[in-house]
Amino acid sequence: MTPSSAILIERRGPVGLITLNKPAKLNAWDKPMRDLIVAALRDFDHDAAIGAVVMTGAGERAFSAGQDFAEAHDFDADAAESWIREWESFYGTLRRLTKPIVAALNGVAAGSAFQVSLLCDIRVGHEQVTMGQPEINSGIASITGPWIMKEILGMSRTIELTLTGRMMQAQECREIGLIHHLVPREQVLVKALQIAEQLAAKAPLAMKLDRAWFADMTEAGFRQTIAAAIRAHRESYASGEPAQKMESFMAARGHALGGSKP
């Protein structure tokens, strides 16, 4: 096990394991943490001894709460565009990995973490897991999330989830195909590792070609979505609305979120 400031990296036989390691912040991520995840994914992809990857979160509360507001609060239009380019790299890495990815959902998967879990191939969770796209509740426009949801769920449910910002309970997620395996809490990682080991034993070239075709089928939409996200977030952050709504969102939960700008 190799510890870092924000993630843990392990090799479990033919499976690479990435654990998001900020439980005090519900494993919410910022740029340094995302960079570490991308680097770990690429390292596993280049490791001939690894046939599959599992992603999970530390602690019992969250896979990840998504974006760390402490980072996003002070964005201006230019910073927002750079931010979307970072997601282009992160999501592009997930999409273009040659090896399958299993999400071991140990708790909430919200916002961008919900999106990351949907970009994984197979999802394992327990009865207390919640998933959703709550950005609208904190003043962040949803552009990449709806595109990913539409590809999996269709337009009607994508609109409802995006505009209400509600979180889905595990049973609903299971019924609509977002959670493939619902197991007891203590079995989530065990089950995910078992599935990953089974996937790692498959024909590696066929696996690579299958995953590449999934990405190719949706490549035009992905690029269109990134361009739309840049336009939307530049406008949104230039207005100041996200910072105001994030402050209100956190204040309602007993947390202060102050800006660093004068």
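Small disclaimer: the values here were computed from a predicted structure and weren't measured. Atoms considered below: every heavy atom in the structure, side chains included; atoms not considered: hydrogens, waters and symmetry mates. FYI, the numbering just counts along the sequence from 1.
The salt bridge (charged side-chain N to carboxylate O under 4.0 Å, His left out) check on K25 picks up D68, with sequence neighbours excluded. A search for salt bridge (charged side-chain N to carboxylate O under 4.0 Å, His left out) contacts involving D43 returns nothing, not counting sequence neighbours. With sequence neighbours excluded, the residues satisfying salt bridge (charged side-chain N to carboxylate O under 4.0 Å, His left out) with R95 are E219. For R234, the side chain to side chain donor-acceptor pair (under 3.5 Å) partners are D78, E81, not counting sequence neighbours.
At distances below 3.5 Å, not a single donor-acceptor pair connects side-chain atoms of N21 with backbone N or O atoms of A6. One N or O on the side chain of N27 and one on the backbone of A58 form a donor-acceptor pair closer than 3.5 Å. D76 places no side-chain N or O within 3.5 Å of a backbone atom of Y237 that could act as its donor or acceptor partner. In this structure, the side chain of S89 does not engage the main chain of R85 through any donor-acceptor pair within 3.5 Å. The backbone N or O of V15 sits nowhere less than 3.5 Å from a side-chain atom of K99 that would complete a donor-acceptor pair.
In E235, the CD atom is not crowded: 12 or fewer heavy atoms of neighbouring residues, nucleotides or ligands sit closer than 6.0 Å. Other residues, nucleotides and ligands contribute over 12 non-hydrogen atoms within 6.0 Å of the CZ atom of R166. Atom CD of Q128 is surrounded by more than 12 heavy atoms from other residues, nucleotides or ligands within 6.0 Å.
Side chain to side chain, R211 and T98 fail the donor-acceptor criterion of an N or O pair below 3.5 Å. Between the side chains of E241 and S236, no donor-acceptor pair of N or O atoms lies under 3.5 Å.
Residue pairs that meet the ring pair (Phe, Tyr, Trp, His ring centres under 6.0 Å) test with at least one member in residues 187-208, sequence neighbours left out, do not exist here. Among residues at least two apart or in separate chains, there is no ring pair (Phe, Tyr, Trp, His ring centres under 6.0 Å) pair with a member in residues 30-57. Residue pairs that meet the ring pair (Phe, Tyr, Trp, His ring centres under 6.0 Å) test with at least one member in residues 124-169, sequence neighbours left out, are W147-F222. Screening residues 182-206 for ring pair (Phe, Tyr, Trp, His ring centres under 6.0 Å), with sequence neighbours left out, gives no hits.
Taking CG of L119 as the start and CZ of F114 as the end, the distance is 10.5 Å to the nearest 0.5 Å. From D45, atom CG reaches atom CG of L97 across 3.5 Å, with rounding to the nearest 0.5 Å.
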Side-chain donor-acceptor distances from residues 176-203 under 3.5 Å, at least two apart:
{"unit_1": "H180", "atom_1": "ND1", "unit_2": "R123", "atom_2": "N", "d": "3.0"}
{"unit_1": "R185", "atom_1": "NH1", "unit_2": "E60", "atom_2": "O", "d": "2.9"}

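Closest heavy-atom contact between L153 and T158: CB-OG1, 4.4 Å. The shortest heavy-atom contact between Q115 and Q133 is NE2-NE2, 3.0 Å.
In this structure, V108 shares a hydrophobic cluster with M167, the cluster being traced through Ile, Leu, Val, Met, Phe, Trp and Tyr side chains under 4.5 angstrom apart. Taking Ile, Leu, Val, Met, Phe, Trp and Tyr as members and joining any whose side-chain heavy atoms lie under 4.5 Å apart, directly or through other members, the hydrophobic cluster of L163 also contains M155, I159. Under a 4.5 Å side-chain heavy-atom criterion applied to ILVMFWY residues, the cluster that includes M217 comprises W213, F214 as well.
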